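Not measured: the values here are computed from a predicted model.
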Protein chains: 2
Amino acid sequence: MSTETSPTPARLNHAAVVALIGRDIVNGKYAVGEILPFEEEFVEKLDVGRGVIREAIRVLAAKGLVETRPKRGTQVLPSSMWQLLDPEILFWRIGQDFDPKFLRDLTDLRSMIEPAACALAAERASDPELQLIAALTRELNYAKDDELAFIEADLKFHRTIMQSTHNEILVQIGVAIESVLRLSVEVTVGIGHGRRIEEHEKVANAICNRQASKARNAMADLIGLNVLDIASILGPAFSNPKK
Amino acid sequence: MSTETSPTPARLNHAAVVALIGRDIVNGKYAVGEILPFEEEFVEKLDVGRGVIREAIRVLAAKGLVETRPKRGTQVLPSSMWQLLDPEILFWRIGQDFDPKFLRDLTDLRSMIEPAACALAAERASDPELQLIAALTRELNYAKDDELAFIEADLKFHRTIMQSTHNEILVQIGVAIESVLRLSVEVTVGIGHGRRIEEHEKVANAICNRQASKARNAMADLIGLNVLDIASILGPAFSNPKK
DNA sequence: AATGTCAATATGTACGACTAATTAATTATT
DNA sequence: AATAATTAATTAGTCGTACATATTGACATT
């Protein structure tokens with residue numbers, strides 16, 4: 001039995017290396033401007049072939065995290081170059097801890113995008129999409145006692161609105177925003193969703209009646225609630241984050 | 001002399017391969033869901049090593065364009081997975097031709113982001129940043145006869161506002177929408193910038209006096225002008241693009 | 001002090017062999 | 001005949017070495 005403990009130390013594959021180094025960069029273990037270890041060092045430290053390291057660094061470069069140059073090595077780029085909305089980078093940043101500053105940035109974005117998207121959806125949504133939105137508000141009601149189902153329905157509600165704008169870019173930003181959204185739902189677990197459901201219904205009704213500005217305002221109200229919820233958990237660090 | 005015609009056919013490097021395949025994907029030469037040629041085929045067709053192909057495909061995968069799996073090959077992902085705001089992807093799409101649909105999507109985004117960003121900037125901008133914004137409006141005036149300088153000053157004006165929100169994500173989105181911005185400036189070359197400068201001054205004044213909602217409205221007006229300019233060039237295909 | 005040359009070095013590329021995983025065809029089973 | 005298990009074929013994944021290329025920094029030259 002003891003012979004089975006480590007059949008082979010489970011060599012890292014390319015994706016694991018990307019995550020390993022990527023996390024260390026976005027979390028500041030490697031400072032901006034710093035040259036990170038040379039290929040050969042990674043090769044022996046992680047016990048993988050050089051190709052794996054190279055491909056991993058290529059991926060990081062594609063995401064704007066690093067830049068490679070002969071003789072100088074691989075340098076960490078300023079964070080203004082990072083593709084912050086890239087799902088992986090987002091995951092590395094959110095997964096770790098909730099940097100209040102970054103959370104506020106995402107909330108800013110959400111406050112700009114979602115209300116405006118509701119207005120667009122009210123104008124552009126197809127009839128089937130409107131029906132889907134209406135159906136989802138009902139589903140929210142059914143699921144109000146099942147936390148997990150409620151969260152999923154909530155997320156799908158917002159996602160559907162984004163899709164109803166018929167704007168590829170907005171759909172994508174919507175996916176990025178989902179992490180804040182999920183947080184704002186999760187922090188309210190157990191305190192009842194009555195108010196939340198009401199607000200969702202207002203949004204849905206406005207969209208389905210094609211009242212653009214009403215939909216915008218309703219969503220702004222909804223987000224306002226969420227922001228209060230988040231702020232009550234994170235305290236002043238969120239509303240007024242350290243620079 | 002004839003021996004010098006082709007010293008070496010200038011082998012493609014990794015970045016060139018990324019651009020080559022990436023362009024073909026975003027422009028639909030490889031359809032969504034399609035399996036693109038196997039590594040070995042690229043190797044002989046492009047006359048490069050297998051590592052180059054692999055690294056290139058890794059980059060494309062990092063940008064969400066493709067997904068690789070053993071035995072199946074490399075498959076083009078649905079465009080909802082593409083990192084549309086990635087500078088390279090943006091360049092491949094914009095550089096080619098102006099897809100009216102995509103242009104409208106970007107304009108939607110701009111209409112949501114920039115006015116709200118002006119409001120934020122009015123609240124959060126530091127004093128030096130306010131001075132910079134003021135200085136840039138003056139620079140716009142000086143440069144009104146030098147088209148190239150005018151465009152650069154215009155872009156820098158908008159960029160500075162984004163930076164004044166102190167929001168990393170907005171700065172990045174700002175960079176992404178710069179391409180539409182550039183277009184909207186370029187289409188008006190030669191017809192005088194008087195009106196445009198006026199509008200910029202309104203925006204700048206509102207921000208510098210920390211009047212958030214006034215700044216929001218001024219920027220919305222400015223964008224409204226730009227949209228009209230673009231629509232007048234592209235015609236109905238822009239305002240009401242084919243799905 | 002400015003410029004040009006050269007050697008050191010880390011990334012860039014190539015090639016060949018092998019591994020691993022997944023699909024599809026084949027065979028065995030019910 | 002339909003279904004499940006087995007096997008074979010294929011393609012991405014990895015490794016290792018050798019060589020090419022480009023950038024840097026030191027040194028020498030003007």
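Atom-to-atom, CD1 of A:Ile35 to P of C:dT9 comes out at 16 Å; the value is rounded to the nearest Å. Atom CD in A:Glu44 sits about 14 Å away from atom P in D:dC15, given to the nearest Å.
The ring-ring contact (aromatic ring centres under 6.0 Å, His included) search around A:Phe42 returns none, not counting sequence neighbours. Legend: residues meeting side-chain hydrogen bond (donor to acceptor under 3.5 Å, both in side chains) with B:Gln75, ordered by chain and number and at least two apart, are B:Arg72. Taking the ring-ring contact (aromatic ring centres under 6.0 Å, His included) definition, one finds that B:His200 meets it with B:Phe157, B:His158, sequence neighbours left out.
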| request: I would like to know whether A:Thr74 and A:Glu67 meet side chain to side chain donor-acceptor pair (under 3.5 Å); could you show each step before the answer? | output: CA-CA 6 Å; A:Thr74 305; A:Glu67 188 187 43; over 6 Å; no

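Each end of the helix from C:dA1-D:dT30 to C:dT30-D:dA1 gets its own axis, taken as the rotation carrying the C1' atoms of four end pairs onto the next four within a five-pair window, and the two axes meet at 20° to the nearest 10 degrees.
Evaluated for a side chain to side chain contact (heavy atoms under 4.5 Å, CB included) with A:Leu12, the options A:Val17, A:Val52, A:Val18 yield exactly one hit, A:Val17.
For the pair A:Arg93 and A:Glu88, the salt-bridge criterion is not met [side-chain N within less than 4.0 Å of a carboxylate O].
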| request: Would you mind building the protein contact string for nucleotides 10-20 of chain C? One character per nucleotide, 5' to 3', B for base within reach (heavy atoms under 4.0 Å), S for sugar-phosphate only, - for untouched. | output: BBBBS--B---

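Checked by atom type and distance alone, the side chain of B:Glu114 never pairs as donor or acceptor with a backbone atom of B:Ser111 at under 3.5 Å.
Pairs engaging residues 127-154 of chain B under the ring pair (Phe, Tyr, Trp, His ring centres under 6.0 Å) rule: B:Phe150-B:His193 [sequence neighbours left out].
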